[in-house]
Amino acid sequence: MTDFLAGIPGPLALVVVAVLLFAESGLLIGVFLPGSGTVLALGWLAGQGVVEVWLAAISAFGATALGCQHGYFRGRRDGLLRRQLVKRFGEQRFARAESALDGRAEVTVAASQCFAVVRTLVPRLAGHAKVTHLRFTICNVPVAAAWATTLVLLGAWSGEAYEQVQSTVGLLGLPLLGIAAVLVLAVWWLRRRKQLRQVPQVPSPLAGPVSTSSKPPVGQRETSD
């Protein structure tokens with residue numbers, strides 16, 4: 001991939017990488033495409049001055065995020081997806097996977113961006129499982145930005161150690177998974193805080209009516225013997 005990108009002009013390399021990353025995260029053929037390796041190669045080109053580092057990071061992030069969005073909406077509309085997965089994995093296994101995604105959607109969506117294959121499949125499964133678009137986007141987009149930026153910077157800073165960095169890039173899943181966990185906790189805390197604010201204040205049944213005035217009602221006078 002590096003040799004191929006190095007042989008074409010910088011702007012065209014950005015377009016090629018964007019197309020590959022969109023397909024890798026948004027189309028089922030993406031399970032066979034090298035997502036992380038492609039971003040690393042683009043970062044290496046940025047380190048050589050072929051393209052700007054910031055432009056490489058934005059292109060990689062935008063392409064993979066758009067691909068995930070495409071996969072999500074395809075999952076919502078694809079009526080054949082369930083039959084295909086049930087035929088391959090069985091009804092019970094598919095039901096368990098669907099239930100796990102529904103119960104821990106934030107963690108699943110965020111972590112999937114860091115690993116090949118599941119980065120392609122999870123957006124479709126999330127759409128099929130009726131995970132709301134807002135939940136999916138909040139959990140996917142920040143991690144996609146961290147994933148793309150980290151790999152571009154690693155490729156740009158690797159220099160002569162590019163081959164070693166490329167061979168160990170799989171280890172990036174661990175720190176990025178930590179970032180994903182922090183983001184998920186932040187989302188949970190914000191939702192919890194919002195729920196607590198919406199809880200109505202119910203007066204205690206043991207508390208009597210509170211008198212707001214010690215004066216007798218208008219028109220009522222004190223009588224004396």
Side-chain angles (χ1 to χ4, degrees), residues 1-72 74-75 107-126 136-137 139-181 183:
M1 178 60 66
T2 307
D3 295 336
F4 171 74
L5 293 177
I8 59 179
L12 183 57
L14 289 175
V15 173
V16 171
V17 168
V19 171
L20 285 174
L21 291 178
F22 178 87
E24 193 262 350
S25 58
L27 306 178
L28 288 178
I29 195 177
V31 297
F32 305 106
L33 297 176
S36 298
T38 301
V39 182
L40 268 179
L42 181 62
W44 183 84
L45 289 181
Q48 303 303 310
V50 178
V51 295
E52 296 290 341
V53 173
W54 65 269
L55 189 57
I58 291 176
S59 299
F61 157 62
T64 193
L66 287 176
C68 289
Q69 292 289 320
H70 174 76
Y72 171 84
R74 287 288 297 179
V107 176
T108 304
V109 170
S112 67
Q113 180 61 41
C114 304
F115 304 97
V117 180
V118 291
R119 183 166 52 246
T120 305
L121 298 178
V122 165
R124 289 177 178 264
L125 290 175
F136 175 81
T137 302
C139 297
N140 173 259
V141 170
V143 182
W147 174 80
T149 303
T150 302
L151 290 181
V152 166
L153 292 178
L154 274 177
W157 295 339
S158 60
E160 296 180 356
Y162 173 75
E163 296 295 336
Q164 289 78 4
V165 172
Q166 187 180 34
S167 64
T168 58
V169 71
L171 296 178
L172 287 175
L174 295 178
L176 289 182
L177 185 58
I179 294 174
L183 293 174

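From N140, atom CG reaches atom OG1 of T108 across 12.5 Å, with rounding to the nearest 0.5 Å. E52 contributes atom CD, which lies 11.5 Å from atom OG of S59 (distance to the nearest 0.5 angstrom). Here the CG atom belonging to L40 is positioned 10.5 Å from the OG1 atom belonging to T150, to the nearest 0.5 angstrom. In this structure, the separation between CG on L33 and CG on L27 is 8.5 Å, given to the nearest 0.5 Å.
Nearest heavy-atom pair, R119 versus T64, reported as atom, atom and distance to 0.1 Å: CD-OG1, 4.3 Å. Counting all heavy atoms, side chain and backbone alike, G26 lies closest to R124 at O-NH2, 3.2 Å. Summarising the geometry of V53 relative to A156, their closest heavy-atom pair is CG2-CB, 4.3 Å, with the distance given to 0.1 Å. Nearest heavy-atom pair across P123 and C68 is CB-O, 3.5 Å. Minimum interatomic distance between A63 and L21 (heavy atoms only, all atoms of both residues): CB-CB, 3.9 Å. Here the shortest heavy-atom pairing between A148 and A57 reads CB-O, 4.2 Å.
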Run T137 and Q69 through side-chain hydrogen bond (donor to acceptor under 3.5 Å, both in side chains) and show every step you take.
CA-CA 8 Å; T137 302; Q69 292 289 320; 3.2 Å; yes
side-chain contact (heavy atoms from CB on, under 4.5 Å) between V141 and F61: does it pass, once the steps are laid out?
CA-CA 8 Å; V141 170; F61 157 62; 3.8 Å; yes
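Between L42 and the options L55, V16, V51, L151, a side-chain contact (heavy atoms from CB on, under 4.5 Å) holds for only V51.
Looking only at side-chain heavy atoms (C-beta outward), V39 and V152 come within less than 4.5 Å of each other.
A 6.0 Å sphere centred on CG of L12 holds more than 12 heavy atoms belonging to other residues, nucleotides or ligands.
Ring planes of H70 and F22: tilted class, angle from 30 to 60°.
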